[in-house]
Amino acid sequence: MIHSDQGTHYINPLYVNKLKELGVTQSMSRKGNCLDNAPIESFFGHLKDDLDIKSCKTFDEVKTLVENYINYYNNERYQWNLNKMTPTERRCHLLSLP
């Protein structure tokens, strides 16, 4: 899945068709609602601060580094705005509520 705003380059038929060819699901923010992007913008801000991607020599190294970071972010990194839970813990907590 790839998420974006509704910028002209993201709604371009060539781009949309290429995503379909690759089997990638496209997700877009609602028109005029910048808050839809806030969680992913926050995640990418942390990712860019925390990872040294320039040290990677191959795409596979970048892919492994990012995959490991996503796992860390979701399962080990406690977040103040989630009541000091990881995203996975917060999701499980919310799903257990009546």
Side-chain angles (χ1 to χ4, degrees):
M1 177 176 282
I2 190 165
H3 183 77
S4 68
D5 59 20
Q6 293 188 28
T8 57
H9 43 288
Y10 298 119
I11 60 172
N12 181 298
L14 294 173
Y15 179 80
V16 173
N17 289 335
K18 188 62 172 178
L19 291 178
K20 286 179 185 174
E21 276 179 36
L22 296 171
V24 176
T25 301
Q26 188 176 23
S27 168
M28 287 190 187
S29 300
R30 295 173 290 170
K31 191 171 186 172
N33 191 344
C34 61
L35 295 178
D36 285 352
N37 274 345
I40 198 66
E41 292 291 343
S42 175
F43 168 79
F44 277 117
H46 290 296
L47 180 133
K48 289 187 273 185
D49 287 343
D50 294 345
L51 296 185
D52 180 19
I53 291 179
K54 291 181 181 180
S55 68
C56 297
K57 294 180 176 39
T58 66
F59 177 75
D60 285 338
E61 288 180 12
V62 172
K63 184 177 174 189
T64 299
L65 192 64
V66 171
E67 286 173 349
N68 289 341
Y69 185 77
I70 290 170
N71 182 60
Y72 161 75
Y73 188 91
N74 285 326
N75 299 299
E76 299 175 39
R77 186 179 182 278
Y78 297 100
Q79 299 182 29
W80 288 100
N81 63 343
L82 299 180
N83 294 329
K84 299 179 190 172
M85 293 184 217
T86 68
T88 301
E89 288 173 335
R90 181 68 175 166
R91 181 178 183 274
C92 289
H93 170 73
L94 292 173
L95 290 174
S96 70
L97 296 175

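Just so you know, these numbers use all the heavy atoms, side chains as well, and skip hydrogens, waters and symmetry mates.
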I'd like to know if the side chain of Asn12 reaches the main chain of Leu14, judged simply by a donor and an acceptor atom lying under 3.5 Å from each other, with no hydrogens or angles considered. yes
Is there a donor-acceptor contact under 3.5 Å from the side chain of Gln26 to the main chain of Tyr15? no
Angle between ring planes, His46 versus Tyr73, binned at 30° and 60°: parallel, tilted or perpendicular? tilted
For residues 58-72, the side chain to side chain donor-acceptor pair (under 3.5 Å) pairs (sequence neighbours left out) are Asp50-Tyr69, Asn71-Asn75
Side chains of residues 89-98: which donor-acceptor partners sit under 3.5 Å, not counting sequence neighbours?
{"unit_1": "Glu89", "atom_1": "OE1", "unit_2": "Thr86", "atom_2": "N", "d": "3.0"}
{"unit_1": "Ser96", "atom_1": "OG", "unit_2": "His93", "atom_2": "O", "d": "2.7"}

Going hydrophobic residue to hydrophobic residue with side-chain gaps under 4.5 angstrom, can you get from Phe43 over to Ile53? yes
Find out if a path of hydrophobic residues (ILVMFWY) with successive side-chain heavy-atom gaps under 4.5 Å connects Leu22 to Ile2. yes
Go through the structure and list residues passing side chain to side chain donor-acceptor pair (under 3.5 Å) with Ser27, not counting sequence neighbours. His3
Roughly how far, to the nearest 0.5 Å, is CD1 of Ile70 from CZ of Arg77? 13.5 Å
